[in-house]
Protein chains: 2
Amino acid sequence: MPKFSPPDKELKEATRAKLCAAPPPPDDELDPRIEVLVNDLIGRVADRWTMIILEVLAEHGEMRFTQLGRMVKGISQKMLTQTLRQMERDGLLTRTVHPVIPPKVEYKLTDLGLSLGAAFCGVWIWAEENYEIIEQSRRKFDASLNKS
Amino acid sequence: MPKFSPPDKELKEATRAKLCAAPPPPDDELDPRIEVLVNDLIGRVADRWTMIILEVLAEHGEMRFTQLGRMVKGISQKMLTQTLRQMERDGLLTRTVHPVIPPKVEYKLTDLGLSLGAAFCGVWIWAEENYEIIEQSRRKFDASLNKS
DNA sequence: ATTCATACTTACCAAAAAGAGAGTGTCAAA
DNA sequence: TTTGACACTCTCTTTTTGGTAAGTATGAAT
């Protein structure tokens, strides 16, 4: 299940440097571990529902299953359970079962979950700021295809 | 093709506020436009290859097709072409064809592409900082499944 | 006795994404 | 004359993903 090698300080430093700094002297190849790490991260953060659930939960605090299902429009029960479980597994939220009838389960973001929301803020803002530019670029691109 | 309604200032403000600020007084439902926007963004930024290509390109500056293919390990020609085209369409990079034989095509990040890399920095750092915590959480979760 | 609510799980099926591998065109080198 | 480099494209197959719908357990309300 742990599908990549253990991270170490140097890896972390290298990784951060590469994405955040100006291009350093090009070396021949990327550390493969970095790539697997990237893949894994992106996969973690970047499915259809995780960030939306995160957002709803950040907004409303503690919530129950059906309540969440109503907020996150278009999600099926299956996907809701699945995504919630993944997030729980990753430590982004806690799941509290109250042994009553009818059942009551409450979901709540952990500090880790909240911090992910905050971290994602940069991308969010970028997207807002550049949303129209991208749309424009797409229109231009598509138009140039039709002409040729 | 534009599958959601045009964004406006209020939407943008609301969106940013919701992700970045502390939980405001809960209202009953999320603006559906916000969700579509989120979906779209995430889809744009968050596939298997886009960020990796972005990173390689940020590191090395201008690069050719085969060269990129060697750097981005595990990617197939198909996916490389596909991702590159999407990124071009979105205005993240430029594609310059030199009409020589054998063919020579060069890919280079635009300012938009570079700024996306910078924006993604937050998520990157978050992931580095919390990588071990997540792994630990997963191990604990999986272990608790085996016991029960 | 039947229905309802809650929080799921399971089985089945369709659609989408992605990999593998062969083909294309051109010229230059061996 | 065959091979190779480059930057693809095309087709076929496999894998992954996600939706639908039904089933489950429990007790309370009608």
Side-chain angles (χ1 to χ4, degrees), chain A residues 1 3 35-36 38-40 42-53 56-57 60 62-89 93-108 141 144-145 148, chain B residues 1 3 35-36 38-40 42-53 56-57 60 62-89 93-108 141 144-145 148:
Chain A
M1 185 113 311
K3 58 175 178 177
E35 279 163 46
V36 202
V38 180
N39 268 148
D40 195 65
I42 292 185
R44 177 172 296 142
V45 151
D47 61 274
R48 207 173 161 63
W49 302 114
T50 303
M51 290 312 291
I52 298 179
I53 291 178
V56 173
L57 239 31
H60 292 81
E62 207 161 21
M63 285 185 83
R64 300 180 60 181
F65 185 83
T66 310
Q67 207 180 350
L68 264 167
R70 271 194 296 267
M71 292 298 204
V72 182
K73 282 201 211 136
I75 198 170
S76 62
Q77 279 192 330
K78 184 185 166 183
M79 278 296 100
L80 185 55
T81 323
Q82 210 173 94
T83 312
L84 250 15
R85 285 293 142 79
Q86 272 167 214
M87 293 174 78
E88 191 197 354
R89 186 168 112 101
L93 52 77
T94 54
R95 178 171 176 270
T96 319
V97 183
H98 303 274
V100 294
I101 287 150
K104 181 174 182 182
V105 181
E106 290 197 304
Y107 296 91
K108 190 176 192 293
F141 186 89
S144 75
L145 282 186
S148 64
Chain B
M1 188 113 308
K3 58 175 179 177
E35 279 162 45
V36 201
V38 180
N39 268 151
D40 196 65
I42 292 186
R44 179 171 294 143
V45 152
D47 62 273
R48 208 173 161 64
W49 302 114
T50 302
M51 290 312 291
I52 298 180
I53 291 178
V56 172
L57 238 32
H60 293 81
E62 206 160 21
M63 283 184 82
R64 302 178 60 179
F65 185 83
T66 310
Q67 208 179 349
L68 265 167
R70 272 194 296 266
M71 292 299 205
V72 183
K73 282 200 211 135
I75 198 172
S76 63
Q77 279 192 331
K78 184 186 167 184
M79 278 296 101
L80 184 54
T81 323
Q82 209 173 95
T83 311
L84 249 14
R85 283 294 142 77
Q86 271 168 212
M87 293 174 78
E88 190 196 356
R89 186 168 113 101
L93 51 77
T94 55
R95 176 170 176 272
T96 318
V97 183
H98 304 275
V100 295
I101 286 149
K104 182 175 182 181
V105 181
E106 290 196 303
Y107 296 92
K108 190 174 190 292
F141 187 89
S144 74
L145 282 187
S148 64

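These figures come from a predicted structure and were not determined experimentally.
- In this entry the distance linking CG of B:D47 with C1' of D:dT17 reads 15 Å, nearest Å.
- Looking at B:M63 and B:E106, their side chains never come closer than 4.5 Å, going by heavy atoms from C-beta outward.
- Among the heavy atoms of the strands lying under 4.0 Å from B:K78 is at least one base atom, whether or not backbone atoms are also near.
- Under the 4.5 Å side-chain criterion, counting only non-hydrogen atoms from C-beta, A:M87 is in contact with A:T50.
- If you measure from atom CE of B:M79 to atom P of D:dT16, you get 15 Å, rounded to the nearest angstrom.
- Counting only heavy atoms from C-beta outward, the side chains of B:L57 and B:L68 approach each other to under 4.5 Å.
- Rounded to an integer number of Å, the gap from CG of B:L80 to C1' of C:dA17 is 16 Å.
- Between A:R70 and C:dT6 there is no side-chain polar atom (N or O) within less than 4.0 angstrom of OP1 or OP2.
- In this structure, B:T66 reaches the sugar-phosphate backbone alone: every heavy-atom distance under 4.0 Å involves primed, P, OP1 or OP2 atoms, never a base.
- With A:T83 contributing its side chain and A:L80 its backbone, the two residues share no donor-acceptor pair below 3.5 Å.
- Nucleotide D:dA7 holds its C1' atom 12 Å from the CG atom of B:L68, rounded to whole Å.
- Regarding A:F65, its CZ atom lies at a distance of 10 Å from the C1' atom of C:dT9, rounded to whole Å.
- Residues A:T96 and A:Y107 have side chains not in contact (no heavy-atom distance under 4.5 Å, counting atoms from C-beta outward).
- One finds a side-chain N or O of A:R95 lying less than 4.0 angstrom from the OP1 or OP2 phosphate oxygen of C:dC8.
- The side chain of B:R64 contributes an N or O atom lying less than 4.0 Å from OP1 or OP2 of D:dA7.
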Summarise protein proximity over nucleotides 23-30 of chain D in one line of letters, 5' to 3': B for base, S for sugar-phosphate only, - for none, counting protein heavy atoms closer than 4.0 Å.
---BS---

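- Closest contact between the side chain of B:S76 and the listed nucleotides C:dG19, C:dA7, D:dT9 involves C:dG19.
- Residue A:H98 contributes atom NE2, which lies 17 Å from atom C1' of C:dA5 at whole-angstrom precision.
- Between the CD atom of A:Q67 and the P atom of C:dA5 there is a distance of 16 Å, rounded to whole Å.
- Spacing between atom CD of B:E106 and atom P of D:dC8 amounts to 12 Å, rounded to whole angstrom units.
- Contact of the B:L84 side chain with the B:R95 side chain is not registered, since no non-hydrogen atoms from C-beta on lie closer than 4.5 Å.
- Side-chain contact between B:T66 and B:R70: present, with at least one pair of heavy atoms (C-beta onward) separated by less than 4.5 Å.
- Between B:Q82 and A:T81, it is A:T81 whose nearest contact on DNA chain C lies nearer the 5' terminus.
- Where A:I75 and B:V105 each meet DNA chain D at their nearest nucleotide, the meeting point lying more 5' is that of B:V105.
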